[in-house]
Amino acid sequence: MEDFYNRLKKDIKGDVLVDDYSLGMYATDASIYQITPVAIVLPRDGEDVKKAIAVARAHKITILPRGAGTSLAGQTVGKSMVLDFSKYMNAVLEINENEKWVRVQPGLARDDLNAALKPYGLHFAPDPATSSRATIGGMVGNNSSGTKSILYGKTVDHVLQASVVLADGTEMYLKNCSPEEYRKKASQPNREGEIHAAFKKLIEDNVQEIKDRFPKVMRRVGGYNLDEFIDTNQWNLSKLVCGSEGTLAITMELKLNLVDLPSYKSVCVVHFSKVLEAISSVETMLGYKPSAVEILDSTVVQLSKENLTTKHHCHFIEGAPAAIMVVEFYGDTPEDVLDRPKQMIAQLKANNFGYAYPLFLEGQAYEDVWVIRKKGLGLMLGLKGNKKPLAFIEDAGIPSQHLPKYIDEVLKVCRKHGTEAAMYAHASVGVIHVRPILDLRLAEDIERLKRITEDTFKLVMKYKGSWSGEHGDGLVRSAYNKRFFGDILYGVFLEVKRLFDPDNLMNPGKIVEAQTIEHNLRYGVAYRDQKVKTEYKYEVEEGFAASVHMCTGVGECRKVLGGTMCPSFKATRDEEHSTRGRANALRMAMSGQFGAKGLSSHRLHEVMDLCLSCKACKSECPSNVDMAKMKSDTLQMYYDENGTTLRDRLIRDSAKLAANLSGWKAGMVNSIQKSHLFRSVLEHTARFDKRRILPDFAKEPFYKWFAENAHKTNKGVKKVVLFADTYLNYHEPQIGISAMDLLNSCGYEVILANVGCCQRPKISHGFLRDAKKDGGNTIRELKKYLDKGLKVLVCEPSCASALNDDLPDMIADQKTARQLKNGVMMIDAFLANEFENGRLDVHFELVSEALAIHGHCHQKALYGTNNMKSLLKNSKKDVVEIPSGCCGMAGSFGYEKEHYDLSEKIGAEILFPAVEKLQKNYEIVACGFSCRHQIHHFTKARPKHFVEVIRAVKNN
């Protein structure tokens, strides 16, 4: 193995990972399985791929191609050399607008491709729920489909050509061939000729068996796609590679068919009181030619209402439905996409199907509906507790006329074996993903896994359905292929495998010669979590271990477009720096799979190092994995075991330093901080990058200004409390003054809570015991106001999150914790709520000509930025939000020597260019202290806080 590793590192230009932690992070996907790979290779180009294959072949190491690793069936785990194409080989190579095709590399994510195609009015149509990170190579390997398959079919229907490499190094260019072209290929005296000739004979010898045994439903992806080669004289072996799960060849490039973007869209959400009633309505719905019919059961609906991100999109859900059907329509005119659903609704009512039928044209409400549908899988998997809705019988494709009976019988099977199930997905094509809720740490639940699978398999055979409808065979279903297709076709599958891969080097154990379902489980009866002492209580998550296990591998954190999560992954494209990678590392360290050091190890510290504690995962991850919280706890464990550095202690004590260095010393301190000598010394001693200048200290802290000036104007009928955070108090008192003026103008008397630090620096940097101790004093002082029913308003988002999200989970007093959560508010959220409820006799105006908002990560994750926009909704001036993700500063992160370049790269992705393109009349608003300094450092722009650019004007 040492020679194997050395050869890889010598020959490969890309990344080669062989340490235990990296291998552990690739040992799982979104399935129930875990197998540690031999090595990870992230090739930079095709030459790297070919060299890696040659090295693996020489050492008899098997090969596993992988994209985003979102497989639900275990296709992307194995004791192999993993080739991860997603980091480097992710380019759009050529777009042909006129002929409507595109040529791409396999590591390109589907949504990234469609973003590039949108200006041409085209898109790659298959749309799995994981489209934000699912790679094209992975979609081809899995023959993915998605919600619109009723219109667009499966990936195999859109693959035109493929350039592939076999395990023996043979390169093949697979495309559509006429009979004459195919005959010429088959007559070549080489491996390509041998494969074409032998494959042709296999098909011709088994035409009738293929016709008889392949399921007659559109959603079928089990086995190899032999049925693509009957009833046609145009043969294209790229259609055989499609759906082969990496068992035949490695895809290097793909040419794909494109279709026009729809002109108009609408969506109707039909609500049902009973699940089987919902399923029985599918045949009626299909009569009106929808583009999609998707079911979500009450489990998903309820979780959507609770999730931090999706709850804001749930306005269309009426009552408490047992299920909803999302019925989408495409058309050429607005009238078309409204008339058909209206006719459908009338028919459903006549048939006594459903009780509510909200209908939306394309727009924000339409998008909200699809947010809920796309996040359904992750939401289900985020159920609290050890029992989870598991993917193992979920992929059956059943003829729609038999779907109600099938679902009824499957639910009875689950109840017979002592469990319930959740369900969602593609009612239009008979693929409703039923997920029994089990805990595979329990022997009895592993037995249930096997029995439920066996009973369900018999039902699929009874109704002549497909065992693998879209998620593929993998480790979970391959063992059933012999029974499903019969001995003859299974023998053909074996011959196809041997023809392409005679040495069985390509992803062995998938499709043919597979394990049975219960082996290599991520969790099993032997799995044990070590006891961990934490400072957070994890009340919502039900413990630290449960918080770690909330990550199920669906990989939402690997998306590159949109949202904030995960800033370091977006910049590095490394699995290690995704939320999923960190969660997998935590799980394996916590369960002793990485040795005795466990959660306090140096290597785990490296894994957690690039987590910016942005909290985006807490809301954007469908399972609400709060990596920022877990990072803080593991940092505390690391310090306990390994000690702290000077820089750690300076960050810990930054609030105390600010209080001591502001005031009369500020002028001198500020001058020294700017000097090159000081910055060089600070870089040498504490590793703060000398390219940064530390923030200025205020010559007059805000609390002093308040004491001297508040009595002059601080009048109001109602009272509110303004929290004097460290930044407002000792660095930027003008923000406190502006906040006070704004609140006064709204009719409030302001009480200043100068009660100490919110503990954000200590919390984010892992000094949790200190944060709990010092934060206790802050909480006691704030409680005096909260007990009187007063709201405590905060200007700095990270301080608000410390006070109403972090500290409440460290204290035992649950009443006080609830007071902090409900009584501490962002100032814009408070004013927006007062305004919407008619308690303000004012309207709001912009001081500047136009406004561009950059949201702080914690603000976007926990509170949203809509409050700022809603206060100005009646303003005639332009208010826009920069779709900027994270700015890259993240408290002290951007100041730290080893993180400076990454900090810049994160901000440079969207934010800095957007700021530099703004017209001069735009004022930039960034409520985060760190965000303002990051933007100024790299763009020279001077952002302001929201309270500085808005004024309240009395209504006439």
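Start at 1 with the first residue, then count along the sequence.
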Tell me if a side-chain donor or acceptor on Ser291 pairs with a main-chain N or O of Glu328 at a distance below 3.5 Å.
yes

side-chain hydrogen bond (donor to acceptor under 3.5 Å, both in side chains) between Ser903 and Gln934, intermediate numbers included:
CA-CA 9 Å; Ser903 171; Gln934 176 82 330; 2.9 Å; yes

Do the side chains of Arg133 and Val554 get nearer than 4.5 Å, heavy atoms only?
yes

By side-chain hydrogen bond (donor to acceptor under 3.5 Å, both in side chains) - contacts of Ser578 (at least two apart):
none

Would you please name every residue forming a salt bridge (charged side-chain N to carboxylate O under 4.0 Å, His left out) with Glu909, sequence neighbours left out?
none

Inspect the contact between Asp84 and Arg66 and indicate whether a charged nitrogen and a carboxylate oxygen are less than 4.0 angstrom apart.
no

Taking only residues two or more places apart in sequence, or in another chain, which ones meet Asp111 in a side-chain hydrogen bond (donor to acceptor under 3.5 Å, both in side chains)?
Ser131

Going by distance alone, is a donor N or O of one side chain under 3.5 Å from an acceptor N or O of the other, for His858 and Asp805?
no

Under 3.5 Å donor-acceptor, Lys154 side chain and Met218 backbone
yes

Is it the case that Arg44 places NZ or CZ above or below the six-membered ring of Tyr88, under 6.0 angstrom from the centre and within 45 degrees of the axis?
yes

Polar side-chain atom of Asp297 near backbone of Met423 as donor-acceptor pair, under 3.5 Å:
yes

Say whether, by atom type as modelled, one donor and one acceptor occur between the side chain of Ser80 and the main chain of Val82 under 3.5 angstrom.
no

Residues at least two apart in sequence or cross-chain that pass ring-ring contact (aromatic ring centres under 6.0 Å, His included) with His426, listed by chain then number, are His433

Using side-chain hydrogen bond (donor to acceptor under 3.5 Å, both in side chains) as the criterion, list what pairs up with Thr76, not counting sequence neighbours.
Asp29

For Leu296 and Val301 the tightest heavy-atom approach is O-CG2, 4.3 Å

Set of residues satisfying salt bridge (charged side-chain N to carboxylate O under 4.0 Å, His left out) with respect to Arg580, sequence neighbours excluded
Glu575

Going by salt bridge (charged side-chain N to carboxylate O under 4.0 Å, His left out), name the residues that satisfy it together with Glu904, two or more places apart in sequence or in a different chain.
none

Residue pairs, two or more places apart or on separate chains, that pass salt bridge (charged side-chain N to carboxylate O under 4.0 Å, His left out) and touch residues 619-628
Lys559-Glu620, Lys618-Asp626

Minimal heavy-atom distance between Cys887 and His854, with the atoms involved, is CB-NE2, 3.7 Å

Test item: Glu245 and Asp473 side chains (from C-beta on) under 4.5 Å apart, heavy atoms
yes

Quick one: does Pro567's side chain get under 4.5 Å of Phe569's, heavy atoms only?
no

Leu113 and Leu256 have their tightest heavy-atom pair at CD2-CD1, 4.2 Å

Side-chain contact, heavy-atom cut-off 4.5 Å: Pro37 with Leu64?
no

Ion pair Glu306/Lys311, N-O distance below 4.0 Å:
no

I'd like to check the side-chain hydrogen bond (donor to acceptor under 3.5 Å, both in side chains) partners of Asp368; sequence neighbours left out, ordered by chain and number.
His313, His315, Gln364

Taking Ser884 for the side chain and Ile882 for the main chain, is one N or O donor matched with an acceptor at less than 3.5 Å?
yes

Among Asp48, Asp45, Asp574, exactly one meets salt bridge (Lys or Arg N to Asp or Glu O under 4.0 Å) together with Lys87. Which residue is that?
Asp574

Any pair with a residue in residues 249-259 that passes salt bridge (charged side-chain N to carboxylate O under 4.0 Å, His left out), sequence neighbours left out, goes on the list, sorted by first then second residue, please.
Arg103-Glu253

Quick one: which residue pairs count as a ring-ring contact (aromatic ring centres under 6.0 Å, His included) with a foot in residues 118-141, not counting sequence neighbours?
His123-Tyr152

Results of salt bridge (charged side-chain N to carboxylate O under 4.0 Å, His left out) for Arg220 - residues two or more places apart only:
Asp227

Report yes if some heavy atom in the side chain of Pro43 is under 4.5 Å from a heavy atom in the side chain of Met89; otherwise report no.
yes

Taking all non-hydrogen atoms of both residues into account, name the closest pair between Lys510 and Gly74 and its distance.
CE-O, 3.3 Å

Decide yes or no on side-chain hydrogen bond (donor to acceptor under 3.5 Å, both in side chains) for Asp127 and Thr147, but give the supporting numbers first.
CA-CA 6 Å; Asp127 67 328; Thr147 60; 2.5 Å; yes

Point-to-point distance, once rounded to the nearest 0.5 Å, from SG of Cys566 to CG of Leu612
8.0 Å

Looking only at heavy atoms, the pair that brings Leu610 and Ser568 closest together is O-OG, 3.2 Å

Distance-only, no hydrogens or angles: does the Tyr424 side chain make a donor-acceptor pair with backbone N or O of Arg435 under 3.5 Å?
no

Residues His471 and Ala73: closest non-hydrogen pair is O-CB, 3.7 Å

Trace of the side-chain hydrogen bond (donor to acceptor under 3.5 Å, both in side chains) decision for Arg219 with Ser149
CA-CA 8 Å; Arg219 295 294 288 269; Ser149 63; 2.5 Å; yes

For the ring pair Tyr523 and His549, is the centre-to-centre distance below 6.0 Å?
yes

Any chance the side chains of Ser238 and Gln161 put a donor and an acceptor closer than 3.5 Å?
no

Side chains of Leu254 and Thr251: does their closest heavy-atom pair fall under 4.5 Å?
yes

Gap separating the CD1 atom of Ile295 from the CE atom of Met325, nearest 0.5 angstrom:
4.0 Å

Within-4.5 Å side-chain heavy-atom neighbours: Val431 and Glu394:
no

Residues Ser86, Arg573; criterion side-chain hydrogen bond (donor to acceptor under 3.5 Å, both in side chains); working and verdict
CA-CA 8 Å; Ser86 64; Arg573 303 290 183 98; over 6 Å; no

Would you say the side chain of Phe85 lies within less than 4.5 Å of the side chain of Thr135, judging by non-hydrogen atoms?
no

